[in-house]
Amino acid sequence: MRKKLVAGNWKMHKNLTESQALITEIRGIVRDEFRQNDAEIVVCPTALALASSARLVEGSEIRIGAQNVNENKEGAFTGEWSASMLKSAGVSHVIVGHSERRQYYNETSQACALKNKAAILEDLVVLYCVGETLEERESNQHFDIIKNQIEQGLEGITGEEMSQVVIAYEPVWAIGTGKTASAEQAQEVHAFIRSLIDSKYGQAISQAVRILYGGSVKPENAKQIFGMEDIDGGLIGGASLKPRDFFEIIKAAQ
Ligand code: PEP
């Protein structure tokens with residue numbers, strides 16, 4: 001049985017004071033209402049708020065994730081931060097290869113492989129994102145695109161290291177658009193991703209790896225999406241900024 005996981009991606013929202021207020025509110029709801037079988041919870045604030053958020057959730061069920069990591073250990077890389085720096089701030093997870101980073105910062109799957117490796121070597125769990133654009137889906141290229149993203153992004157990751165990898169399938173056309181993939185459309189791609197992991201790493205690892213769905217998940221559609229066989233939780237953008245909605249989504253992922 002794979003434990004479900006729900007991660008909130010705050011993107012570039014909330015200043016430091018607002019972040020502290022938001023994480024405190026989420027922590028309060030989780031403290032009062034979290035039950036043992038609920039999904040694992042990860043919250044990914046901006047880099048600015050990572051260290052203070054990690055302190056504010058100490059002793060709770062909430063883990064803190066970053067939205068990016070540099071592949072180098074240290075050096076002259078202005079504006080960047082390494083996996084060990086994230087770890088020192090109390091971070092346990094990191095999103096790699098989000099479509100916004102692929103689109104606006106030209107991150108390739110090959111670059112993601114280096115980031116994935118660097119994060120894993122520091123004992124972080126990576127939430128590695130893949131997904132096709134609308135154009136790619138409409139021209140029926142989505143399976144090829146996802147195959148390449150998986151193969152290239154996991155290059156150099158060993159079977160043992162796969163216990164620190166979570167995949168997030170996020171069709172680009174569903175992110176922040178209000179358009180959700182149907183549960184069946186998502187399941188089809190999740191099963192395909194699991195089959196790719198199976199070919200590369202074998203059945204035990206493919207059955208253990210968690211594959212999250214992301215793209216306009218809300219309390220109203222979460223249960224149906226999370227009810228599909230190969231969907232092990234969600235990566236949540238907009239709705240993760242609303243504590244009550246975020247918690248309802250967590251509750252839907254049992
Ligand atoms: C995301 O940013 O990963 C995401 C899925 O966003 P939204 O839930 O807002 O579509």
Testing the basics here: between Ala54 and Ala89, what is the closest heavy-atom pair and its distance to 0.1 Å? CB-O, 3.3 Å
Is there side-chain contact between Ile175 and Glu100, with heavy atoms separated by less than 4.5 Å? yes
Where the side chain of Gln164 meets the backbone of Leu124, is there a donor-acceptor pair that is under 3.5 Å apart? yes
Under 4.5 Å between any side-chain heavy atoms of Val165 and Val126, yes or no? yes
Counting only N and O atoms by type, is there a donor-acceptor contact under 3.5 Å from the side chain of Trp81 to the main-chain atoms of Asn68? yes
Distance in Å, His98 NE2 paired with Tyr104 OH, rounded so as to fall on 0.5 Å steps: 10.0 Å
Between the side chain of Arg63 and the main-chain N/O of Val42, is any donor-acceptor distance below 3.5 Å? no
Do any N or O atoms from the side chain of Tyr169 and from the backbone of Ile193 form a donor-acceptor pair under 3.5 angstrom? no
Between Pro45 and Ala49, which heavy-atom pair has the shortest distance, and what is it? CB-CB, 4.1 Å
Would you call Glu33-Lys251 a salt bridge at under 4.0 Å N-O? no
A side-chain contact here means heavy atoms from C-beta on lying under 4.5 Å apart; do Val94 and Lys115 qualify? no
Residues, nucleotides or ligands: over 12 heavy atoms within 6.0 Å of Gln110 CD: yes
Out of curiosity, Asn221 CG to Ser216 OG, how far, rounded to the nearest 0.5 Å? 8.0 Å
Side-chain donor/acceptor of His190 to backbone N/O of Asp230, under 3.5 Å: yes
Between Gln20 and Ser53, is there a donor-acceptor pair closer than 3.5 Å when you use the side chain of the first and the backbone of the second? no
Under a 4.5 Å cut-off applied to non-hydrogen side-chain atoms, are Arg194 and Ser206 in contact? yes
Asn37 (side chain) donor-acceptor with Gln254 (main chain) under 3.5 angstrom: no
With a 4.0 Å cut-off on N to O distance, would you call Glu161 and Lys117 a salt bridge? yes
Would you please say whether a donor-acceptor pair under 3.5 Å links the side chains of Thr133 and Glu135? no
Looking at Glu74, I want to see if its CD is surrounded by more than 12 non-hydrogen atoms of other residues, nucleotides or ligands under 6.0 Å. no
Taking all atoms of both residues into account, what is the closest heavy-atom pair of Leu22 and Leu241, and its distance? CD1-O, 3.7 Å
Would you name the heavy atoms of Pro171 and Tyr213 that are closest together and state the gap between them? CD-CE1, 3.6 Å
In sequence, state the C-alpha distance, the side-chain angles, and the governing distance for Leu154 and Ile197, and then conclude on side chain to side chain contact (heavy atoms under 4.5 Å, CB included). CA-CA 10 Å; Leu154 297 182; Ile197 305 288; 3.8 Å; yes
Going through the distances and angles, do Glu122 and Leu86 end up as a side chain to side chain contact (heavy atoms under 4.5 Å, CB included)? CA-CA 9 Å; Glu122 288 295 337; Leu86 291 177; over 6 Å; no
Under a single-linkage definition using a 4.5 Å side-chain heavy-atom cutoff for Ile, Leu, Val, Met, Phe, Trp and Tyr, are Phe34 and Leu56 assigned to the same hydrophobic cluster? yes
Indicate yes or no: at least one non-hydrogen side-chain atom of Ile23 is less than 4.5 angstrom from one of Trp10. yes
Kindly assign one of parallel, tilted or perpendicular to the pair Phe192 and Phe143, based on the angle between their ring planes and the thresholds 30° and 60°. perpendicular
Please walk me through it: do Val30 and Arg27 pass side chain to side chain contact (heavy atoms under 4.5 Å, CB included)? CA-CA 5 Å; Val30 169; Arg27 189 198 56 185; 5.7 Å; no
Within one Ile-Leu-Val-Met-Phe-Trp-Tyr cluster: Leu212 and Ile146, side-chain cutoff 4.5 Å: no
Cluster overlap Val217 with Ile231, hydrophobic side-chain contacts below 4.5 Å: yes
Tell me if a side-chain donor or acceptor on Gln152 pairs with a main-chain N or O of Ala113 at a distance below 3.5 Å. no
Could you go through the side chain to side chain contact (heavy atoms under 4.5 Å, CB included) check for Arg102 and Cys129 one step at a time? CA-CA 10 Å; Arg102 291 179 188 265; Cys129 303; 5.5 Å; no
For residues Ala7 and Leu127, report the shortest heavy-atom separation together with the two atoms involved. CB-CD1, 3.9 Å
Flag side-chain contact, heavy atom, 4.5 Å: Leu48 against Ser19: no
Look up atom CG in Asp245 and atom CD in Glu220, then write down how far apart they are to the nearest 0.5 Å. 7.0 Å
Quick one: pull up CG in Leu5 and CD1 in Ile250 and give me the separation to the nearest 0.5 Å. 9.5 Å
In this structure, are over 12 heavy atoms from other groups packed under 6.0 Å from Lys14 atom NZ? yes
Would you say Phe226 ends up clustered with Val189 if hydrophobic residues are merged whenever their side chains have heavy atoms under 4.5 Å apart, either directly or through other cluster members? yes
Are the side chains of Tyr128 and Gln149 in touch, meaning some heavy atoms are under 4.5 Å apart? yes
Point-to-point distance, once rounded to the nearest 0.5 Å, from NZ of Lys4 to CD1 of Ile41: 14.5 Å
Closest non-hydrogen atoms of Gly65 and Leu50, given as atom of the first, atom of the second and distance, are O-CD2, 3.3 Å
Between Ser109 and Asn148, is any pair of side-chain heavy atoms under 4.5 Å apart? no
Is the count of non-hydrogen atoms from other residues, nucleotides or ligands lying under 6.0 Å from Gln224 atom CD greater than 12? no
Roughly how far, to the nearest 0.5 Å, is the CD1 atom of Ile236 from the NZ atom of Lys218? 10.0 Å
Should Glu40 and Lys3 count as an ion pair when the cut-off is N to O under 4.0 Å? no
With distance as the sole test, does Glu170 use its side chain to make a donor-acceptor pair with the main-chain N or O of Gly131 at under 3.5 Å? no
Tell me whether Met162 is reachable from Ile95 by hopping between hydrophobic residues (I, L, V, M, F, W, Y) whose side-chain heavy atoms are closer than 4.5 Å. no
